[in-house]
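Computed from a prediction, not measured in an experiment: that's the story for all the values here.
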Amino acid sequence: MTLTPAHIDSPSVWTDARLLYALEEVVEKELNRHLKVAKDWMPHEYVPWSDGRNFPGLFEDGEAWDKEQSKVTEVGRIALVVNLLTEDNLPSYHHEIASLFGRDGAWGTWVHRWTAEEGRHGIVMRDYLLASRAVDPDKLEQFRMAHMSEGFESDNRHSMLHSVAYVAFQELATRISHRNTGHQSGDPVCDRMLARIATDENLHMVFYRNLLKAAFELAPDLTMQAVRDVVVNFRMPGHSIPGFERAAAQMAIGEVYNLRIHHDDVLQPVLRFLKIMEIDGLGPEGLKAQEELGMFLGGLDSEARKFDEKLAARKARMAARAAG
């Protein structure tokens with residue numbers, strides 16, 4: 001595939017403001033497509049309200065939480081908390097993208113629509129967790145306060161292209177994390193709820209992925225550098241959640257999200273769609289970024305293979321213990 005840049009691909013030409021203006025028509029097209037395919041849904045319809053009962057506090061008949069009250073698995077509980085706390089920082093995410101993309105025109109309409117759709121996710125997840133008693137409500141609130149009090153600052157806020165590249169991958173990563181959490185939760189109700197959220201996240205990914213493709217057509221060198229930087233330095237927006245590293249390790253072992261999933265189900269689908277390694281006509285910096293990206297992906301695949309082997313060995317040990 002040969003992409004011919006419509007303009008000179010130079011940092012002095014492509015400022016963030018000019019890129020925002022140049023991509024406005026694409027944003028409007030993608031926004032209209034999104035609005036046609038996105039389906040409204042009601043968070044309260046996914047919550048098992050009849051399972052709910054009072055907690056101690058103002059109600060004398062309140063029943064203290066105990067994890068035996070829920071059918072959700074341990075890894076499902078851990079992942080649900082991480083996923084919800086990530087969604088909780090929506091005010092910070094809105095501030096980030098509204099400051100970067102603006103509040104006017106098609107960009108502004110998208111920013112507010114995206115925020116409204118994302119708002120449903122935190123609502124339904126918290127209602128589910130409390131009604132089904134899947135998590136300790138006191139600890140959940142303590143974690144929320146600690147996490148939101150820290151706020152969120154994107155690693156990519158310095159650049160519009162970096163930000164678009166990041167969310168193209170991050171929205172897919174979030175979709176995969178929610179979907180796998182549902183599969184591992186042990187509760188069909190939870191699985192259905194997270195499948196509904198994952199559908200939204202997938203549509204958000206498609207919007208940003210298509211926008212990223214259009215950016216390649218305008219400024220291939222700069223976009224390639226942005227993709228390389230984002231892929232090499234990628235981390236989830238919930239990385240500042242209290243206890244995140246331990247939770248991430250448990251989610252990796254539980255096959256909710258790990259190196260193999262990140263490589264195969266998040267990075268590769270977006271990069272294949274963009275035909276990233278087939279883009280030619282790049283300048284020196286673009287070529288360098290493309291080569292470095294290829295080398296990084298090869299190294300990541302090797303690391304994922306090592307993780308796969310360790311996980312398989314762990315499963316074998318556990319099976320042997322169970323059989324003995």
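Minimum heavy-atom separation, Met193 to Leu80: CE-CD2, 4.5 Å. The two residues Ala215 and Leu23 come nearest to each other via the heavy atoms N-CD2, 4.1 Å. Smallest separation of non-hydrogen atoms from Asn83 and Met125: CB-CE, 3.6 Å. Nearest heavy atom pair, residue Ala79 against residue Thr181, reads CB-OG1, 3.3 Å. When every heavy atom of Val124 is checked against every heavy atom of Pro43, the shortest pair comes out as CG2-O, 3.3 Å. The two residues Gly151 and Ser240 make their nearest non-hydrogen contact at O-OG, 4.5 Å.
Between the side chain of Trp14 and the backbone N or O of Leu222, no donor-acceptor pair lies under 3.5 Å. Looking only at distances, no side-chain donor or acceptor of Glu303 sits under 3.5 Å from a matching main-chain atom of Gly299. A distance-only check finds a donor-acceptor pair linking the side chain of Ser163 to the backbone of Asn156 [under 3.5 Å]. Under the 3.5 Å distance criterion, the side-chain polar atoms of Asn180 are matched with a main-chain donor or acceptor of Val256. Proximity of a side-chain donor or acceptor of Asp16 to a complementary backbone N or O of Met160 within less than 3.5 Å is detected. Of the possible polar contacts, none joining the Thr73 side chain to the Gly186 backbone as a donor-acceptor pair under 3.5 Å is found. Between the side chain of Glu24 and the backbone N or O of Ala106, at least one donor-acceptor pair lies under 3.5 Å.
Crowding of Glu245 atom CD: a count of heavy atoms from other residues, nucleotides or ligands under 6.0 Å not exceeding 12. The 12-atom threshold is exceeded at CZ of Phe296, counting heavy atoms of other residues, nucleotides or ligands nearer than 6.0 Å. Heavy atoms from other residues, nucleotides or ligands lying under 6.0 Å from CD of Glu63 number more than 12. No more than 12 heavy atoms of other residues, nucleotides or ligands lie within 6.0 Å of CZ in Arg314, so this atom counts as exposed by the packing criterion. At most 12 non-hydrogen atoms from other residues, nucleotides or ligands lie less than 6.0 angstrom from CE of Met295. The local environment of CD in Glu150 is sparse, with at most 12 non-hydrogen atoms from other residues, nucleotides or ligands closer than 6.0 Å.
Contact of the Trp107 side chain with the Leu31 side chain is not registered, since no non-hydrogen atoms from C-beta on lie closer than 4.5 Å. Between Arg196 and Glu45, the closest side-chain pair of non-hydrogen atoms is not below 4.5 Å. Counting only heavy atoms from C-beta outward, the side chains of Glu118 and Glu201 approach each other to under 4.5 Å. Side-chain contact between Asp155 and Arg235: present, with at least one pair of heavy atoms (C-beta onward) separated by less than 4.5 Å. Leu267 is listed as a side-chain neighbour of His262, based on a closest heavy-atom distance under 4.5 Å. Inter-residue side-chain proximity for Phe207 and Arg33 is flagged as met; some heavy-atom pair is nearer than 4.5 Å. Inter-residue side-chain proximity for Glu30 and Trp110 is flagged as unmet; no heavy-atom pair is nearer than 4.5 Å. Between Tyr166 and Ser159 there is no side-chain heavy-atom pair separated by less than 4.5 Å.
In this structure, the salt bridge (Lys or Arg N to Asp or Glu O under 4.0 Å) partners of Glu141, at least two apart in sequence or on a different chain, are Arg144. Applying the ring-ring contact (aromatic ring centres under 6.0 Å, His included) rule to His183 yields no partners; only residues at least two apart in sequence or on another chain are considered. Residues passing the side chain to side chain donor-acceptor pair (under 3.5 Å) test with Trp65, sequence neighbours excluded: none. Contacts of Trp41 classified as ring-ring contact (aromatic ring centres under 6.0 Å, His included), with partners at least two apart in sequence or in another chain: Tyr46. Applying the side chain to side chain donor-acceptor pair (under 3.5 Å) criterion to Thr109, with sequence neighbours excluded, gives no partner residue. Applying the side chain to side chain donor-acceptor pair (under 3.5 Å) test to His263 and every residue at least two apart in sequence or in another chain returns Gln268. Applying the salt bridge (Lys or Arg N to Asp or Glu O under 4.0 Å) test to Asp308 and every residue at least two apart in sequence or in another chain returns Arg260. Shown here are the ring-ring contact (aromatic ring centres under 6.0 Å, His included) partners of Tyr128, two or more places apart in sequence or in another chain: there are none.
In the hydrophobic cluster analysis, where Ile, Leu, Val, Met, Phe, Trp and Tyr join through side-chain heavy atoms closer than 4.5 angstrom, Tyr257 is grouped together with Leu259. A continuous path of Ile, Leu, Val, Met, Phe, Trp and Tyr side chains, each step under 4.5 Å between heavy atoms, connects Val206 with Leu271, placing both in one hydrophobic cluster. Linking ILVMFWY side-chain heavy atoms closer than 4.5 Å, directly or via other members, places Val227 and Phe234 in a single hydrophobic cluster. Ile176 and Leu203 fall into different hydrophobic clusters, where Ile, Leu, Val, Met, Phe, Trp and Tyr residues are linked whenever their side-chain heavy atoms come under 4.5 Å apart, directly or through other members. With hydrophobic clusters built from ILVMFWY side chains whose heavy atoms lie under 4.5 angstrom apart, Phe55 does not share a cluster with Leu140.
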Going by atom type alone, with no hydrogens or angles, which donor-acceptor pairs under 3.5 Å involve a side-chain atom of residues 94-104 and a protein atom two or more places apart or on another chain?
{"residue": "His94", "atom": "ND1", "partner": "Thr115", "partner atom": "OG1", "Å": "2.8"}
{"residue": "Glu96", "atom": "OE2", "partner": "Ser154", "partner atom": "N", "Å": "3.3"}
{"residue": "Ser99", "atom": "OG", "partner": "His95", "partner atom": "O", "Å": "2.7"}

Only distances under 3.5 Å count here; give the side-chain donor-acceptor pairs of residues 167-175 to other protein atoms, sequence neighbours excluded, each with its distance to 0.1 Å.
{"residue": "Gln170", "atom": "NE2", "partner": "Thr174", "partner atom": "OG1", "Å": "2.7"}
{"residue": "Glu171", "atom": "OE2", "partner": "Trp114", "partner atom": "NE1", "Å": "2.8"}
{"residue": "Thr174", "atom": "OG1", "partner": "Gln170", "partner atom": "O", "Å": "2.9"}
{"residue": "Arg175", "atom": "NH1", "partner": "Asn202", "partner atom": "OD1", "Å": "3.0"}

Under 3.5 Å, which donor-acceptor pairs do the side chains of residues 281-291 form with other protein atoms, sequence neighbours left out?
{"residue": "Gln290", "atom": "NE2", "partner": "Ile276", "partner atom": "O", "Å": "2.9"}
{"residue": "Gln290", "atom": "NE2", "partner": "Ile279", "partner atom": "O", "Å": "3.0"}

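Identified under the salt bridge (Lys or Arg N to Asp or Glu O under 4.0 Å) test for residues 123-138, with sequence neighbours left out: Asp88-Arg126.
Separation of atoms CZ (Phe307) and CD1 (Ile253) is listed at 6.5 Å; rounding is to 0.5 Å. In this structure, Arg77 CZ and Leu129 CG are separated by 10.0 Å, a value rounded to the nearest 0.5 Å. A distance of 8.0 Å separates CG of Leu274 from CZ of Arg209, quoted to the nearest 0.5 Å. Between the CD atom in Gln250 and the CD1 atom in Ile78 there is a gap of 3.5 Å [rounded to 0.5 Å]. Of the inter-residue distances, the one linking Leu161 atom CG with His158 atom NE2 reads 9.5 Å to the nearest 0.5 angstrom.
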Assess whether side chain to side chain contact (heavy atoms under 4.5 Å, CB included) is satisfied between Val26 and Asn210, documenting all intermediate values.
CA-CA 9 Å; Val26 179; Asn210 292 351; 5.9 Å; no
Side chain to side chain contact (heavy atoms under 4.5 Å, CB included) assessment of Met251 paired with Val82:
CA-CA 10 Å; Met251 290 167 66; Val82 169; 4.0 Å; yes
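The pair Lys315-Glu255 meets the salt-bridge criterion, since a charged nitrogen lies less than 4.0 angstrom from a carboxylate oxygen.
Evaluated for a side chain to side chain donor-acceptor pair (under 3.5 Å) with His34, the options Glu117, His204, Arg113 yield exactly one hit, Glu117.
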